[in-house]
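Structure, as structure tokens:
Because the structure is a prediction, the values reported are computed rather than measured. To find a chain, count down the sequence lines: A is the first, B the second, and so on, and within it residues start at 1.
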Amino acid sequence: VSIPDTSLHSSPTPAGPFVSAADSLRRRITAQLSFNEDRFFLILAVFIGIFAGLAVVCFRITMEWARLYLLGSSLTPSSWRAFLAPSLTGLFISLLIFTIFRGAAGSGLNQTKAALYIFDGYIPLRTVIGKFITASLAIGSGHSLGPEDPSLQIGAGLASAVGTRLKLSRKKMRLLAPVGAAAGLAAAFNAPISAVLFVIEEIIGHWSAGILGAIVLAAVSSVVTMRLFLGAEPLFRIPSVGVLRWQELVAYAVMGILGGFASVVFSKAIGWLRPKMKASPAALQFFYPGFAGLLIGFIAFAGFPQVMGAGYDFMDQAMHDQYTWQILGMLAGLKILATTLSFVSGTPGGMFAPTLYVGAMLGGAVGTVEHLFFPNLTGSVGTYALVGMGVLFAGFLRAPITSVFMALEVSGDYTIILPVLVANTFSYLISRRLQSVPILEAITRQDGLSLPAMEEKREEESLNVEDAMGPQPSILLDGTKPANELWPFVSQTAEPVFLVILPHQPPAQISFGDLRHLVEAGDNRPLLKSEAVAAIPYLHPDEDLEDALPLATRYPLIPVVNRADLSQILGVLNLTAVMDAYRKTHEDFPAPY
Amino acid sequence: MNVLRRDFVVREPLLVAILVLITIVFSTATHSYSQAYDRRRNLLGQQWYANGDAELQQNRPVAAVEAFRTALLYAPRNWDYRLRLAEALTQAGHTKQALNYYQSLWQINPQNGVVNLHLARFAASAGQVADAERYFNGAIFGVWAENANDHRRESLFELVNFYLNRGDTGQAESQLIILSGNLPEDPVLHARVADLYSKVGDNQRALAQFRQAIQLDPNSFSALYGAGNAAFHLGDYRSAESYLIRAAHDDSAGPDAKTLLEVTQAASSLNPYERGLRESEKIQRVLHIFRIASARLDSCTQTSGSAGQFPPALAPLQEPWQRWKNNATSRFLTQQPDQIEPLFEFSTAIEKQSQSLCGAPTPEDSALLALANTRPSDEK
């Protein structure tokens with residue numbers, strides 16, 4: 001929306017002959033040096049990033065300690081430990097959640113989103129502490145969950161705590177939660193770009209340029225902090241991608257299809273089981289984490305301890321061709337089962353790592369089978385596993401943009417982009433076709449909440465000015481002519497306002513009353529010289545109708561002009577036309593009465 | 001000024017100072033916490049690595065693989081642990097996994113000699129010549145943590161053997177020339193190189209290397225035997241005999257050395273082309289050779305055919321043999337010296353054709369075969 005500088009938004013200045021120069025200078029210095037919340041917000045974002053980074057370092061170490069004490073130091077725990085640790089720890093976690101940390105259950109993703117949209121970004125510190133303790137115990141004891149989503153909530157919670165202590169405005173508090181969330185996630189996954197995109201896609205739910213700078217600052221500072229303590233290496237060794245042959249795209253498409261179906265199975269399992277378990281009596285719910293732990297222990301006892309915990313070490317092995325395709329397929333299936341059990345039981349922990357795990361195993365299986373039948377194709381099994389991670393991310397979490405950038409960021413190799421795009425597209429489309437509501441959205445609805453989702457926004461049809469504008473008005477006044485010359489053309493009309501065409505300038509407007517006043521006063525000057533002609537905002541046909549709406553409420557007639565020639569009027573917009581356009585778009589909805 | 005003090009001078013810097021203070025405290029606490037865990041991790045890594053080593057020593061590579069994998073859980077970037085895991089995987093028979101592991105190590109450090117050598121072995125066993133050559137060269141010119149020259153030399157030896165196994169003697173010989181040019185004064189190494197020269201058929205260079213080995217260790221049985229063998233194949237029977245006599249004196253000398261000595265001595269006494277030999281002596285030797293060949297033919301006929309009838313495979317020899325039997329006399333050859341050569345040719349032809357039909361040859365038969373093979377160089 002372009003507004004000429006003629007006075008529409010100009011504010012009255014107190015400048016006057018009696019204001020001294022010293023007073024003016026004082027005001028200016030005060031304005032420069034006084035506490036500026038916007039400026040301080042960016043500084044705060046850096047500190048929040050550092051705090052989140054430190055918290056995630058402590059969280060990861062605590063998780064490792066827990067694993068060490070609960071499952072032993074061996075890579076694959078002994079049978080009795082595998083059997084007992086998740087179940088007994090699950091019961092202990094239940095006790096903590098039911099008695100002290102009531103808000104700590106779940107992954108943390110939806111809780112953070114709910115905090116942002118319902119509680120103005122406020123997350124109680126008790127929830128943060130509870131999430132820290134219970135999630136590290138759960139993952140450390142072998143529950144099939146990941147540390148990323150809790151890290152996200154821990155980051156957001158710390159940001160909320162800092163904002164609360166600093167008594168920031170409600171608006172800034174709402175912005176602070178996603179800043180902390182991005183910082184927490186970035187530190188947990190060691191991938192700042194993916195974290196920023198994920199928070200925008202899944203937490204904020206829409207693109208917001210205003211907060212982007214703070215989120216990026218926080219994500220970068222948290223990753224830098226985390227790397228100072230835990231090193232810069234990724235969570236798994238990244239295989240070399242190598243040169244891609246076009247024939248391999250077929251294999252990647254197959255992987256996308258399989259990943260899409262796996263995502264649907266995963267989503268449906270959680271979506272079906274979770275409400276049933278939540279509907280059961282509270283006394284029974286107390287035992288669910290222990291029961292889930294028992295079943296996971298049984299899976300481990302049966303010979304698949306790889307499904308326990310976040311599973312990054314086993315993803316690493318899958319990426320380096322350490323399993324047969326049968327084992328990889330089996331692990332993918334069992335991980336879906338184990339994660340579903342852990343998640344629906346309300347055990348604190350995230351789905352980020354298990355999603356990547358299932359994707360890596362599935363991708364590895366497809367890659368191994370492909371190598372069996374077409375040994376001359378170049379892609380390593382590791383490349384397939386890496387692409388597989390993105391596939392599940394796109395299909396299950398339904399974050400397609402993050403899924404692509406994650407694969408790029410993790411691999412550091414742009415040759416992977418084509419297979420990622422091919423596979424992710426198939427996975428995303430299949431998942432959308434067979435599971436209309438994304439899993440995070442479904443969980444939100446199960447909890448009785450309504451939170452915005454980016455996928456909804458992507459699907460919304462955006463209206464432009466051209467969809468609502470009417471034709472050029474029948475009467476346009478030539479600004480170079482005097483009022484009395486134009487009066488015969490307008491005197492018989494009922495229009496309250498007329499557009500005035502000015503040479504090489506955007507159109508202006510004059511009201512019927514003002515025009516009559518000029519005629520009665522005998523003003524023979526051209527209209528453009530008259531003070532009665534007022535500047536008005538103008539629009540272009542491609543502009544967003546949503547942005548034009550506030551103007552339409554203030555001006556009865558807004559000219560829509562050519563971008564190359566501002567004096568050329570293509571049509572006009574008024575409030576009635578805008579409302580009609582919106583009504584037409586949403587006419588599928590039933591009338592409220 | 002009150003406004004200034006309240007809003008800027010006090011509040012914003014104060015808040016930043018407080019935040020910095022919290023950062024310092026939080027960082028210090030996190031540092032202590034992570035240090036404690038790092039110590040524990042390192043300890044566990046070392047323990048599991050030692051377990052893996054012990055398992056490998058007790059020839060339990062599967063358990064070793066598990067132990068090394070656990071060690072890597074605590075020190076994921078430790079190069080030694082990763083290398084050891086790859087070795088354990090190889091020993092456990094997980095060839096594909098081991099290969100992948102070495103490849104991932106190669107991506108991290110493409111100049112590492114150990115990794116290149118292992119990858120070269122994998123490529124060689126898979127028959128991937130280009131990859132094998134690339135990795136062998138990587139090992140030869142790569143970085144070795146200790147005893148770099150020894151490791152590089154061993155890699156070169158493996159490359160030569162790789163070419164020999166493929167039958168590519170030309171490449172093997174060119175690598176051997178490089179290898180022999182940089183050998184330290186070690187009789188064992190000279191003998192090994194000489195042995196490889198023998199295998200590629202370059203007996204001249206083999207003999208030279210054996211001689212160097214003998215110079216460094218005059219009692220080296222393998223060098224003496226090798227030198228005798230090389231000289232024998234070069235037709236230098238006198239030298240061969242002297243080396244083999246010394247080799248045969250060794251307590252560890254096996255039947256091979258003694259047999260070769262007998263053959264050499266026979267060849268030396270039968271050689272009609274020995275330098276300085278008079279015409280009459282030459283005729284006597286050729287006649288003796290014909291008698292040896294005739295005896296071989298006789299025994300062969302008796303064992304495989306009916307009396308007086310040659311076996312079918314030797315039937316073409318019957319007519320010329322009958323002719324030579326009557327003419328092979330000292331007077332005939334003295335009168336017609338141009339028939340010395342055809343008689344020798346016919347005698348060696350008998351030996352060659354009866355070689356696969358008539359059982360184990362006597363040392364004299366073997367000497368005749370050797371004479372037939374080395375004659376051109378001897379004449380030269």
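- With a 4.5 angstrom heavy-atom cutoff, B:H94 does not touch chain A via any of its atoms.
- Looking at A:I50, only its side chain comes within 4.5 Å of chain B, counting heavy atoms on both sides.
- A:F47 CZ to B:L15 CG: the interatomic distance, rounded to the nearest 0.5 Å, is 10.0 Å.
- For chain B, the nearby parts of A:T62 are the backbone and the side chain; heavy atoms of each come within less than 4.5 Å.
- The aromatic rings of B:F26 and A:F51 lie tilted to each other, with the angle between the two planes from 30° to 60°.
- Ranked by heavy-atom pairs under 4.5 Å with chain B, the first of A:D316, A:L68, A:V381 is A:L68.
- With hydrogens and angles disregarded, no donor-acceptor distance shorter than 3.5 Å links the side chain of B:R205 to the backbone of B:Y197.
- Looking at A:Q317, only its side chain comes within 4.5 Å of chain B, counting heavy atoms on both sides.
- Contact annotation for B:L19: both backbone and side-chain heavy atoms come within less than 4.5 Å of a heavy atom of chain A.
- Aromatic rings of B:F68 and B:W48 (six-membered ring for Trp) have centroids beyond the 6.0 Å cut-off, not under it.
- Residue A:R67 touches chain B through its side chain alone, counting heavy-atom pairs closer than 4.5 Å.
- The backbone N or O of B:N137 lies less than 3.5 Å from no partner atom in the side chain of B:N116, so there is not a single donor-acceptor pair.
- With hydrogens and angles ignored, the 3.5 Å screen pairs a side-chain donor or acceptor of B:R152 with a backbone N or O of B:G142.
- Contact count against chain A (heavy-atom pairs under 4.5 Å) is highest for B:R82 among B:Q35, B:R82, B:Q47.
- Remark: side-chain polar atoms of B:D168 are not paired, donor with acceptor, to backbone N or O of B:L164 under 3.5 angstrom.
- The contact between B:L89 and chain A is made entirely by side chain atoms (from C-beta outward), counting heavy-atom distances below 4.5 Å.
- Contact annotation for A:L228: neither backbone nor side-chain heavy atoms come within less than 4.5 Å of a heavy atom of chain B.
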